[in-house]
Amino acid sequence: MSRLTQTFFARDTLTTAHDLLGCLLVHEVDGQRVAGRIVEVEAYTGHDDLASHAARGKTPRNTVMFGPPGISYIYLIYGMYQLLNVIAKPEGVDYPAAILIRALEPVEGLQFMAARRTGRRRVEWTSGPGRLTLALAIDQSLNGIDMTAPGSPLYFEEEIDVPGEQVQTGPRIGINVSEPWQSMPWRFWLRDNPFVSRAG
DNA sequence: CAATAGATTCACT
DNA sequence: GTGAATCTATTGG
């Protein structure tokens with residue numbers, strides 16, 4: 001497994017977003033890897049993207065969107081949910097851009113996720129931008145960090161075959177993680193194109 | 001200032 | 001399908 005470096009994110013925003021599909025998002029918490037395969041992303045690109053937080057200029061919240069690639073942009077939405085973005089743009093350009101991570105497939109640390117998503121079916125643990133941050137324990141304390149730096153607790157990896165994980169099932173965590181699993185479709189979102197789907 | 005909309009999710013009908 | 005939860009930023013008087 002290799003961690004994605006700044007070179008990966010120092011490219012065109014749309015290209016980078018597309019290439020993130022299938023990669024792993026990893027959060028190391030207390031030495032444990034909690035990770036999911038990225039199956040849905042949404043790109044926010046440039047000054048002219050009216051859907052972007054940065055459409056009306058720099059504010060305290062969106063400042064990192066104007067900065068260098070590879071940095072996390074995590075903010076609170078609707079007063080309750082944390083959404084994770086990563087900055088992606090060619091080095092040295094001056095426009096704001098970010099890629100929102102919209103959905104994952106749970107891959108590692110299933111027990112950790114199950115404990116944080118009690119009462120929900122496995123397919124719902126990470127099937128939404130607010131859900132995946134809950135499952136992986138990602139919040140604003142990680143905002144603005146360099147996700148490409150060695151030692152960073154939050155980072156991306158190239159996807160390679162990841163062995164299935166044996167997880168305790170039964171009443172203690174109230175969820176049967178052995179339920180039949182069906183892969184989620186890969187989706188790439190842009191404002192004017194609802195989404196482009198790609199085979200998983 | 002007050003009102004409102006928002007890159008959402010959940011419980012309920 | 002509808003409403004509530006409740007922070008940030010923008011809009012309007």
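These numbers come from the heavy atoms of this one structure, side chains and all, not from hydrogens, waters or symmetry mates. Just so it is clear: chains get the letters A, B, ... in the order the sequence lines come, proteins before strands, and each one is counted from 1.
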* Assess the pair A/Y155 and A/H27: is the distance between their ring centroids shorter than 6.0 Å? =>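 Ring-ring flag for A/Y155/A/H27: false, centres at least 6.0 Å apart.
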* To do: Compute the ring centroids of A/F8 and A/F156, then answer whether they are less than 6.0 Å apart.
  => no
* If you measure from the C1' atom in C/dG1 to the same atom in B/dA7, how many Å do you get, rounded? -> 22 Å
* B/dC1 to C/dT6 separation - P atoms, rounded to the nearest Å -> 24 Å
* Nucleic acid footprint by protein, nucleotides 8-13 of chain B - heavy-atom cut-off 4.0 Å, B for base, S for sugar-phosphate alone -> BBSS--
* Asked: Between the side chain of A/T133 and the main-chain N/O of A/Q82, is any donor-acceptor distance below 3.5 Å?
  -> yes
* Asked: Sub-3.5 Å donor-acceptor pair from the side chain of A/T126 to the main-chain atoms of A/L104, do we have one?
  ->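 Confirmed, A/T126 side chain pairs with A/L104 backbone.
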[X] bridged to [Y] by N-O distance under 4.0 Å:
{"X": "A/K89", "Y": "A/D12", "result": "no"}
{"X": "A/E105", "Y": "A/R122", "result": "no"}
{"X": "A/R102", "Y": "A/E42", "result": "yes"}

* Asked: Below 4.0 angstrom from OP1 or OP2 of C/dA9, is there any side-chain N or O of A/H53?
  -> no
* Can you tell which of C/dT8, C/dC7, B/dA7 lies closest to the side chain of A/R61? ->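 Nucleotide nearest to A/R61's side chain: C/dT8.
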* DNA chain B base-pair string [pairs: Watson-Crick or G-U under 3.5 Å; |: paired with another strand] -> ||||||.|||||.
* Asked: Would A/E158 and A/S2 count as having a side-chain donor-acceptor pair, cut-off 3.5 Å?
  ->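 A pair is found: one side chain offers a donor N or O, the other an acceptor, under 3.5 Å apart.
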